[in-house]
Amino acid sequence: MIVTLINHVRCYLTRINNAHLSSFLSHWPEPGSVTRSSIKSTLPVLKWLPDTVKVSAPREVMVIKQLTIVASDLAWGQTYSSEDFGYKFLERYGWTELVGNRGIIYSNRIACGFLLLGPEIEYPPHRHEAEEAYIPLSGPTQWKYNNNGWVSRKAGVPVFHEPWMPHAIKTDAVPLLAIYLWRGGDLTQKSLIDQT
């Protein structure tokens, strides 16, 4: 079932007509790549996963439904501690990696997984070596780049961050589920937190 989810994610990303996103997908592992088992783990943020179906466009619903089927079989993690952003943030934040150094399908060229943020939370400004693409599956959500103001982004529209570009995400009443892609640099790096 997890391999089915990974195939749905790949097909969904391929159908998005965006040249920059296609350049990320050129690093995707070959079909039939060896899969690894993961140690199941859960996080408090998963209680908002069913809500993301209600705030997504029809094109995104199939991927979200596939994720909800296997979510309890995945390894959900957090990069930060309470000292970084506090306990409230940790209750509303988590990710799982499908492809990459920590993924079900190994790759040292690309990382791909899901970011889940609960409602009414800010993922503070941070940056990292890897180039990043996000494809929000629910929304709208607020995004900030460099020192610019917040910009509302709807589901299905890719968001790109160049290496070391400071960026932040904010949710309102709606939780965010997004596919993330990283390429280049350290694919397991803990992001550097920008002081505001």
Side-chain angles (χ1 to χ4, degrees), residues 1-79 93-118 128 130-139 155-161 169 175-190:
M1 294 294 282
I2 295 174
V3 173
T4 301
L5 169 64
I6 294 170
N7 290 336
H8 270 85
V9 167
R10 177 75 162 47
C11 289
Y12 169 79
L13 294 172
T14 302
R15 286 194 304 265
I16 297 173
N17 186 18
N18 183 288
H20 198 172
L21 184 58
S22 295
S23 70
F24 274 83
L25 295 177
S26 69
H27 299 286
W28 196 272
E30 293 295 321
S33 296
V34 176
T35 60
R36 306 181 289 187
S37 59
S38 64
I39 299 172
K40 301 176 191 179
S41 59
T42 188
L43 291 172
V45 71
L46 288 173
K47 71 181 178 183
W48 283 288
L49 182 58
D51 294 344
T52 62
V53 174
K54 303 171 193 170
V55 291
S56 63
R59 189 173 69 167
E60 286 71 39
V61 167
M62 181 56 74
V63 174
I64 298 173
K65 286 184 176 179
Q66 287 294 319
L67 174 60
T68 59
I69 291 169
V70 299
S72 62
D73 295 326
L74 297 171
W76 289 86
Q78 296 178 322
T79 309
Y93 156 79
W95 53 263
T96 187
E97 190 165 286
L98 302 176
V99 175
N101 290 330
R102 301 173 286 206
I104 305 298
I105 297 177
Y106 175 78
S107 175
N108 61 4
R109 299 181 69 209
I110 191 169
C112 178
F114 291 98
L115 169 71
L116 180 58
L117 295 177
H128 40 73
E131 182 182 7
E132 180 176 56
Y134 275 116
I135 301 82
L137 301 177
S138 61
V157 178
V159 177
F160 298 101
H161 302 127
I169 308 167
L176 169 67
L177 178 65
I179 297 171
Y180 72 82
L181 295 153
W182 276 28
R183 70 174 178 181
D186 182 353
L187 297 179
T188 60
Q189 175 190 26
K190 179 179 177 180

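Model, not experiment: these values are computed from the prediction.
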Residue list, side chain to side chain contact (heavy atoms under 4.5 Å, CB included) with S56, at least two apart or on another chain: E60, V61, I64
Set of residues satisfying side chain to side chain donor-acceptor pair (under 3.5 Å) with respect to R10, sequence neighbours excluded: T14
Beyond-backbone contact of N18 with F160, side-chain heavy atoms, under 4.5 angstrom: yes
Expected output: side-chain T52 to main-chain S138 donor-acceptor under 3.5 Å: no
With E131 via salt bridge (Lys or Arg N to Asp or Glu O under 4.0 Å) - residues at least two apart: R183
Ring pair (Phe, Tyr, Trp, His ring centres under 6.0 Å) partners for F24, two or more places apart: H20
Side-chain touch C11/V63, heavy atoms, less than 4.5 angstrom: no
Non-neighbouring partners of D186 that pass side chain to side chain donor-acceptor pair (under 3.5 Å), sequence neighbours left out: T188
Shortest non-hydrogen contact from L176 toward P136: CD1-CB, 3.9 Å
4.5 Å side-chain heavy-atom contact, T68 and P50: no
Considering all heavy atoms, the nearest V9-C112 contact: CG1-SG, 4.0 Å
Residues forming a ring pair (Phe, Tyr, Trp, His ring centres under 6.0 Å) with H27, sequence neighbours excluded: none
Pairs touching residues 95-106 that satisfy salt bridge (charged side-chain N to carboxylate O under 4.0 Å, His left out), sequence neighbours left out: E97-R102
Residues forming a side chain to side chain donor-acceptor pair (under 3.5 Å) with W95, sequence neighbours excluded: T79, Y93
4.5 Å side-chain heavy-atom contact, L116 and L43: no
For Y106, all residues meeting ring pair (Phe, Tyr, Trp, His ring centres under 6.0 Å), sequence neighbours excluded: none
Enclosure of K190 NZ (heavy-atom neighbours >12, cutoff 6.0 Å): yes
Nearest-0.5 Å distance that lies between atom CD1 in I6 and atom CH2 in W28: 7.0 Å
Qualifying residues under side chain to side chain contact (heavy atoms under 4.5 Å, CB included), relative to S22, sequence neighbours excluded: none
Full working for side chain to side chain contact (heavy atoms under 4.5 Å, CB included) between I105 and V3: CA-CA 9 Å; I105 297 177; V3 173; 5.9 Å; no
Test side-chain contact (heavy atoms from CB on, under 4.5 Å) applied to L177 and L67, L117, L115, the passing residue: L67
Minimal non-hydrogen separation, P158 against I16, with atom names: CG-CG2, 4.0 Å
Pairs involving residues 26-53, ordered by first then second residue, that meet salt bridge (charged side-chain N to carboxylate O under 4.0 Å, His left out) (sequence neighbours left out): K40-D73, D51-K54
Set of residues satisfying side chain to side chain contact (heavy atoms under 4.5 Å, CB included) with respect to T96, sequence neighbours excluded: L74, W76, F114
